[in-house]
There are 2 protein chains.
Amino acid sequence: MGIRERKEKEKTEMRSSILKAAMSLFIDEGYENVSMRKIARKIEYSASSIYSYFENKDMILFELLHEGFEKLKEKQLFVQGITEPKERLIAHGDAYMDFAFENSQYYELMFLIHKPKERFDLHKVKVLGDSCYELLVKNVAECVEAGYNKGEDVNNLALFLWSSLHGIVALYIRQAIILEEFNKQYLDNIKSVTLHFLQQLIKK
Amino acid sequence: MGIRERKEKEKTEMRSSILKAAMSLFIDEGYENVSMRKIARKIEYSASSIYSYFENKDMILFELLHEGFEKLKEKQLFVQGITEPKERLIAHGDAYMDFAFENSQYYELMFLIHKPKERFDLHKVKVLGDSCYELLVKNVAECVEAGYNKGEDVNNLALFLWSSLHGIVALYIRQAIILEEFNKQYLDNIKSVTLHFLQQLIKK
DNA sequence: AAAAATATTGAACGCTGTTCAATTTATCAA
DNA sequence: TTGATAAATTGAACAGCGTTCAATATTTTT
């Protein structure tokens, strides 16, 4: 059935070209400033045809959200090779910030933009997020098992660590802390300050 | 000049009734889902007339932003009565979270929604934010002076504390951590967990 | 080549922020 | 009180939005 095969390939190619165009526009103009017509124009297609690939604009967002969480997970799995628990946990935090700063538009879609719960299945997003969060909890648990922060509740510690990481990243992306044009040195400083205090928090 | 006076009073009354309607709609429907026509309808006015009070929709947001920062500052000044530096700093964090959870829609406008920098003077927003942040820096500085976190850079510590507070608040408001309906007990837990770790961070 | 299935489209609906000429309303001078 | 002036208010219009759907064009199957 060569024809059916080609058809399906064309379908998935169209699908991914829509996603690619959407993401590139989201990066340049921000989610809310991208319209279906703009996406269509970019790939020389019609806006209405997009609806045969995605239920609506939110579903395009969801697909990219999914990609984002996959990327984050991938990045997080890299540090799992480190054997010393505290070292691994700190590297985990480092990787988290790296992901966020290097893929700030993904991060924006994943954690910062408002997703109206009438139209959007927030539960599905939470499932994606949880699969990343579980890895953090695991790394925290192994620290506690190894004698760090004795008696501390694992979930509480994990939550606080995530908060701290998310906080600095969110402030940066929303430009609450700096307004000057991109400054790598300042970014590195933010990261090292955060890691410095994480080091303090994980203690024997 | 009684007429001129009354005129001006009517002007400011209209202005504040627009703001009031806008805020109430923002709370119910979220900033991006509120239109000028909706605001006008709410106060039985015309959309075009609003433009003689505010340059555009973003300026309404800016005005409410301003209100939000005033409210936050007010709340923060309350704890300045506490004399013991660490106690005051912790209370500061508590007040910050209280403000955010009690006025989550203000918080959303102030720190979470995307404000397009082409149309929006982010520098003005930063000035508003800085006047609140300075108080935090001051309280951190007085802790360090009192012998806490000896040798630690005041700005770095303040930044990390703010990150942590902002992080937990932002995750909650964006529903990244819970999806069930409002649960006061869970909220209290989040707050106490955060304060617990702040306590750990501020040490002699 | 005709029929059936699939893909694509433009027009339409009701919405958006914003502008502006036209109209209404209020103030002031004679 | 009337007429002129100033101010406030409005609806229509513009170009855009997400989305739907009947009509058209294309491709596949018979």
Side-chain angles (χ1 to χ4, degrees), chain A residues 1-19 21-22 25-26 28-64 109 113-121, chain B residues 1-19 21-22 25-26 28-64 109 113-121:
Chain A
M1 297 287 115
I3 286 162
R4 181 155 214 88
E5 233 172 78
R6 181 175 52 79
K7 275 263 157 177
E8 266 169 34
K9 213 184 115 196
E10 273 171 11
K11 265 262 168 190
T12 55
E13 266 169 16
M14 191 71 232
R15 210 185 132 85
S16 65
S17 97
I18 292 169
L19 284 173
L25 285 168
F26 291 163
D28 292 345
E29 316 192 16
Y31 178 68
E32 69 248 49
N33 296 318
V34 174
S35 68
M36 297 299 253
R37 287 171 176 86
K38 272 188 193 170
I39 298 170
R41 229 173 285 141
K42 181 140 195 162
I43 54 175
E44 287 172 316
Y45 206 38
S46 74
S48 40
S49 289
I50 297 178
Y51 286 85
S52 64
Y53 293 89
F54 300 93
E55 205 186 323
N56 52 39
K57 194 185 165 189
D58 289 333
M59 286 305 113
I60 298 179
L61 169 59
F62 183 77
E63 197 75 26
L64 292 170
L109 301 180
I113 67 166
H114 173 74
K115 298 179 257 308
K117 54 173 167 290
E118 315 89 56
R119 294 179 290 143
F120 216 87
D121 190 348
Chain B
M1 297 287 115
I3 286 163
R4 182 155 214 85
E5 234 171 76
R6 183 174 52 78
K7 275 262 157 177
E8 267 169 34
K9 214 184 114 196
E10 273 171 12
K11 264 263 168 190
T12 55
E13 265 169 17
M14 191 71 232
R15 210 184 133 84
S16 65
S17 98
I18 292 169
L19 284 173
L25 285 168
F26 290 163
D28 291 345
E29 317 192 16
Y31 178 70
E32 69 247 48
N33 295 318
V34 174
S35 68
M36 297 299 252
R37 286 172 177 86
K38 271 187 193 169
I39 298 170
R41 227 174 286 141
K42 181 141 196 160
I43 54 175
E44 288 172 316
Y45 205 39
S46 74
S48 39
S49 289
I50 297 177
Y51 286 85
S52 63
Y53 294 89
F54 299 94
E55 206 186 321
N56 52 39
K57 194 185 165 190
D58 289 332
M59 286 305 113
I60 299 179
L61 169 60
F62 183 76
E63 196 76 26
L64 292 170
L109 300 180
I113 68 166
H114 173 75
K115 298 180 258 309
K117 53 173 168 289
E118 315 89 54
R119 293 179 289 141
F120 215 89
D121 189 348

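These numbers come from the heavy atoms of this one structure, side chains and all, not from hydrogens, waters or symmetry mates. Within every chain, numbering begins at 1; the chains are lettered A, B, ... in the order of the sequence lines, protein sequences first and strands thereafter.
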Task: Check against side chain to side chain contact (heavy atoms under 4.5 Å, CB included), B:M14 and B:K11 - done: CA-CA 5 Å; B:M14 191 71 232; B:K11 264 263 168 190; 5.8 Å; no
Open item on the list: Nearest whole Å is fine: how far is D:dG18 C1' from A:I39 CD1?
Closed with: 11 Å
Open item on the list: So B:S46, base contact, sugar-phosphate only, or nothing? Heavy-atom distance under 4.0 Å.
Closed with: base
TODO: Could you check which of D:dT9, D:dA8, D:dG18 has an atom nearest any side-chain atom of B:K11?
DONE: D:dA8
- [ ] Just jot down the side-chain hydrogen bond (donor to acceptor under 3.5 Å, both in side chains) partners of A:N56, sequence neighbours excluded, or say none.
- [x] none
Task: Value in whole Å for how far the C1' atom of C:dT18 lies from CE of B:M59 - done: 14 Å
Open item on the list: Please give me every residue in residues 47-57 of chain A whose heavy atoms get under 4.0 Å of an atom in DNA chain C, ordered by residue number.
Closed with: A:S48, A:S49, A:Y53
Task: Whole-Å gap separating P (D:dC17) and CD (B:E32) - done: 16 Å
Open item on the list: Does D:dG11 have OP1 or OP2 under 4.0 Å away from a side-chain N or O of B:R37?
Closed with: no
Task: Integer-rounded Å distance: C:dG17 C1' and B:N33 CG - done: 15 Å
Task: Non-neighbouring partners of B:R37 that pass side-chain hydrogen bond (donor to acceptor under 3.5 Å, both in side chains), sequence neighbours left out - done: none
Open item on the list: Please check: side-chain N/O of A:K115 versus main-chain N/O of A:F62, any donor-acceptor pairing under 3.5 Å?
Closed with: no
TODO: Figure out the CD1/C1' separation between B:I60 and C:dG17, and round it to whole Å.
DONE: 11 Å
Task: Separation of C:dT9 P from A:R41 CZ (nearest whole Å) - done: 14 Å
TODO: Measure the distance from CE on A:M36 to P on C:dG14 and round it to the nearest whole Å.
DONE: 20 Å
- [ ] Please state how far atom NZ in B:K38 lies from atom C1' in C:dC15, giving the value in whole angstrom units.
- [x] 9 Å
TODO: Would you please name every residue forming a side-chain hydrogen bond (donor to acceptor under 3.5 Å, both in side chains) with A:S49, sequence neighbours left out?
DONE: A:S46
Task: Residues which pass ring pair (Phe, Tyr, Trp, His ring centres under 6.0 Å) with A:F26, listed by chain and number, not counting sequence neighbours - done: A:Y31
Task: side-chain hydrogen bond (donor to acceptor under 3.5 Å, both in side chains) against A:Y53, all qualifying residues, sequence neighbours excluded - done: none
